[in-house]
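Keep in mind that this is a model prediction, so the values were computed, not measured.
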Amino acid sequence: MSTEASSKAAAGGDRSRGDDLQCRGRGGDRAEEMRGAAAKQDGGVLPVVGDDAGVVVVEPCVIAVDDSSIDRALVTALLRRSNYRVTAVDSGKRALEILGSEPNVSMIITDYWMPEMTGYDLLKKVKESSELKQIPVVIMSSENVPTRISRCMEEGAEDFLLKPVRPSDISRITTRMLH
């Protein structure tokens, strides 16, 4: 187990439920001061941290939603490899809870079929909310169903990915939406 994984395990983080809230920022008082300064300059849209040289760096945050722990882990790893902070959750309801208290979300990537609330239902709730509707939502599914894809795109999805998600998919959506 890596040092980072050991630290998170010791801290009690459970990624399957989304307790590893990476969108919250990190780094203590110095980073918090810098976050406040950058928020005044940039409108507070994204969390910031300082690097060793004291430079303010804006870090995009993505919420990854999938009831499959394997797919959730894959998407999370691909996004983190591309230097994005990720909060991974197992349900649309949990994603909405986080969105209700987290102002720094840059994108949501969600599975289509999940129990209780589908990715399509999550998409509709995000796009119906005046506070959330500007957040890009990407839907993913293992089933290539043209009517489903059309319905999601018409409802406001930014993209529709077929599983398994590939590094090129992540590169394409993050280049288009987060930069």
Determine, stepwise, if the pair Leu99 / Glu131 fulfils side chain to side chain contact (heavy atoms under 4.5 Å, CB included). CA-CA 9 Å; Leu99 287 165; Glu131 295 89 28; over 6 Å; no

For Lys93, I'd like to know if atom NZ has over 12 heavy atoms of other residues, nucleotides or ligands within 6.0 Å. no

Residue Lys125 excluded, over 12 heavy atoms near NZ under 6.0 Å: no

Please check if the side chain of [X] supplies one atom and the backbone of [Y] the other of a donor-acceptor pair under 3.5 Å.
X	Y	value
Lys133	Glu128	no
Thr118	Met114	no
Arg81	Pro167	no

Passing option when Thr110 is tested against Asp121, Val138, Leu122 for side chain to side chain contact (heavy atoms under 4.5 Å, CB included): Leu122

Hey, which of Thr76, Asn83, Val75 is the one that makes side chain to side chain contact (heavy atoms under 4.5 Å, CB included) with Leu79? Val75

If I take atom [atom1] from residue [X] and atom [atom2] from residue [Y], how far apart are they, to the nearest 0.5 angstrom?
X	Y	atom1	atom2	answer
Arg166	Leu74	CZ	CG	11.5 Å
Arg151	Leu123	CZ	CG	9.5 Å
Met107	Cys61	CE	SG	10.0 Å
Leu78	Ser171	CG	OG	10.5 Å
Ile109	Ile173	CD1	CD1	4.0 Å
Arg80	Arg85	CZ	CZ	10.0 Å

Start with the C-alpha distance between Val137 and Lys127, add both sets of side-chain angles, then the distance that settles side chain to side chain contact (heavy atoms under 4.5 Å, CB included), and finish with yes or no. CA-CA 9 Å; Val137 179; Lys127 295 306 175 183; 4.3 Å; yes

Test side chain to side chain contact (heavy atoms under 4.5 Å, CB included) applied to Ser91 and Met117, step by step: CA-CA 7 Å; Ser91 72; Met117 176 184 286; over 6 Å; no

Closest contact, heavy atoms only, [X] versus [Y]:
X	Y	answer
Glu143	Trp113	OE1-NE1, 3.4 Å
Asp90	Arg94	OD1-CB, 4.5 Å
Ile139	Tyr120	CD1-N, 4.5 Å
Ser106	Pro60	OG-CA, 3.6 Å
Asp111	Ser141	OD1-CA, 4.2 Å
Ile63	Ile98	CD1-CG2, 3.7 Å

Any heavy-atom pair between the side chains of Ser142 and Leu162 that's under 4.5 Å? no

What do the steps show when you test Arg148 against Tyr112 for side chain to side chain contact (heavy atoms under 4.5 Å, CB included), and what is the final call? CA-CA 9 Å; Arg148 179 182 302 160; Tyr112 183 87; 3.2 Å; yes

Do NZ/NE/NH1/NH2 and the carboxylate oxygens of Asp159 and Arg172 come within less than 4.0 Å? yes

